[in-house]
There are 2 protein chains.
Amino acid sequence: MAYDYAAMIALADPTRRAIFELVVEQPRSVSELARALPVSQPAVSQHLKVLRCARLVGMERRGASNVYHLDPYGLAQMRAWLDGMWAGAFDSFKAEVEKDGKGGT
Amino acid sequence: MAYDYAAMIALADPTRRAIFELVVEQPRSVSELARALPVSQPAVSQHLKVLRCARLVGMERRGASNVYHLDPYGLAQMRAWLDGMWAGAFDSFKAEVEKDGKGGT
DNA sequence: CATAATCATAAGCCATAGCTTATAATAAGT
DNA sequence: ACTTATTATAAGCTATGGCTTATGATTATG
């Protein structure tokens, strides 16, 4: 179950980050987001699609509005990847130190 | 001291991720990396520049070779951002629950 | 000193990502 | 039923990002 980096790719775009942070603050509809940002509504919808595929946000219909909310899954996945990478990095570092350390003080 | 997302942007590219993971595994020279990857040496150098600006990797001259190694700073920064986002998300979630909860069971 | 090896930068090419306008679909209000 | 509001998708434009080849600088090697 290799990590597909979708969340990271999604958050690499500044507009998408802005959208995401607004949604994290509180659930918001598409028009709300579009009004709060310097881009068109279709642009927002396109970005929301990417965020949704990365499971960073989820949707809920509310009348004619689509209210987007945070989906913790994407961040959790990302955190898991980071932790794994961190552990691996630490192991490498330790191995490196041990190798160099044989001639040490 | 706002997070500038440089690490996230850097890791959004698949080639750069491959380079980064090789470097995490163990320190490697540019030519080593170029030989291990299906891209040219200049491409590798360009990617390493981005990774270095994001403080994901560091460099050390070793004769005519430039040996790149992991720099924990970038990952640490990213983890800090993630933790902050996580906490914020959790607060929002809590606030949301409390607001809805007033009419509960 | 001459040759080979290693690397970073420059210049140019091209696919892609993000934006726009236009439009169709659904829901609410009158 | 008609109009208004909300949203997703389609089509097209353009800037940008990643790749290439070419080249100059630095270092080891003979």
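Just so it is clear, the model here is predicted, and its values are computed rather than measured. By convention in this document, chain letters (A, B, ...) are assigned in the order of the sequence lines, proteins followed by strands, and residues within each chain are numbered from 1.
Under 4.0 angstrom from either OP1 or OP2 of dA8(C) there lies at least one side-chain N or O belonging to Tyr68(B). Side-chain nitrogen and oxygen atoms of Asn66(A) include none within less than 4.0 Å of the OP1 or OP2 phosphate oxygen of dT6(D). Contact check, Ser31(B) against dC7(C): a side-chain N or O comes under 4.0 Å of OP1 or OP2.
In this structure, Arg17(B) and Met8(A) have side chains that are not in contact, with every pair of non-hydrogen atoms separated by 4.5 Å or more. Residues Ser65(A) and Val30(A) have side chains not in contact (no heavy-atom distance under 4.5 Å, counting atoms from C-beta outward).
For residues 5-53 of chain B, the set of pairs meeting the ring-ring contact (aromatic ring centres under 6.0 Å, His included) definition, not counting sequence neighbours, comprises Tyr3(B)-Tyr5(B), Tyr5(B)-Trp81(B). For residues 48-59 of chain A, the side-chain hydrogen bond (donor to acceptor under 3.5 Å, both in side chains) pairs, not counting sequence neighbours, are Arg55(A)-Asp71(A).
Not counting sequence neighbours, the partners of Arg79(B) by the salt bridge (charged side-chain N to carboxylate O under 4.0 Å, His left out) test are Asp83(A). Legend: residues meeting salt bridge (charged side-chain N to carboxylate O under 4.0 Å, His left out) with Arg28(A), ordered by chain and number and at least two apart, are Glu25(A).
A pairwise comparison of heavy atoms in Ala34(B) and Val44(B) identifies CA-CG2, 3.8 Å as the closest pair. The minimum heavy-atom distance between Ile9(A) and Ala12(B), with the atom names listed, is CG1-O, 3.7 Å. Here the closest heavy-atom approach between residue Tyr68(A) and residue Val57(A) is recorded as CD2-CG2, 3.9 Å.
Mapping Ser45(A) and Arg61(B) onto DNA chain D by nearest heavy atom places Ser45(A) closer to the 5' end of the strand.
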Using a cut-off of under 3.5 Å, enumerate the N/O to N/O pairs linking the protein to nucleotides 17-23 of chain C.
residue : atom : partner  : partner atom : Å
dG18(C) : OP1  : Arg16(A) : NH2          : 3.2
dG18(C) : OP2  : Arg16(A) : NH1          : 3.1
dC19(C) : OP1  : Thr15(A) : OG1          : 2.8
dC19(C) : OP2  : His47(A) : NE2          : 2.1
dT20(C) : OP2  : Ser40(A) : N            : 2.8
dT20(C) : OP2  : Ser40(A) : OG           : 2.8
dT20(C) : O4   : Gln46(A) : NE2          : 3.0

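For the pair Arg35(B) CZ and dA5(C) C1', the computed distance is 10 Å after rounding to whole Å. What separates CZ of Arg62(B) from P of dA28(D) is a distance of 12 Å, to the nearest Å. Atoms CD1 (Ile19(B)) and P (dG17(D)) sit 17 Å apart, rounded to a whole Å. The distance between atom CD of Glu32(B) and atom P of dC7(C), rounded to the nearest whole Å, is 9 Å. Between the CD atom of Glu60(A) and the P atom of dT6(D) there is a distance of 17 Å, rounded to whole Å.
When distances run from any side-chain atom of Val30(B) to the nucleotides dA8(C), dA8(D), dT9(C), the shortest one goes to dA8(C).
Contacts between residues 51-59 of chain A and DNA chain C, defined by a heavy-atom separation under 4.0 Å, are absent.
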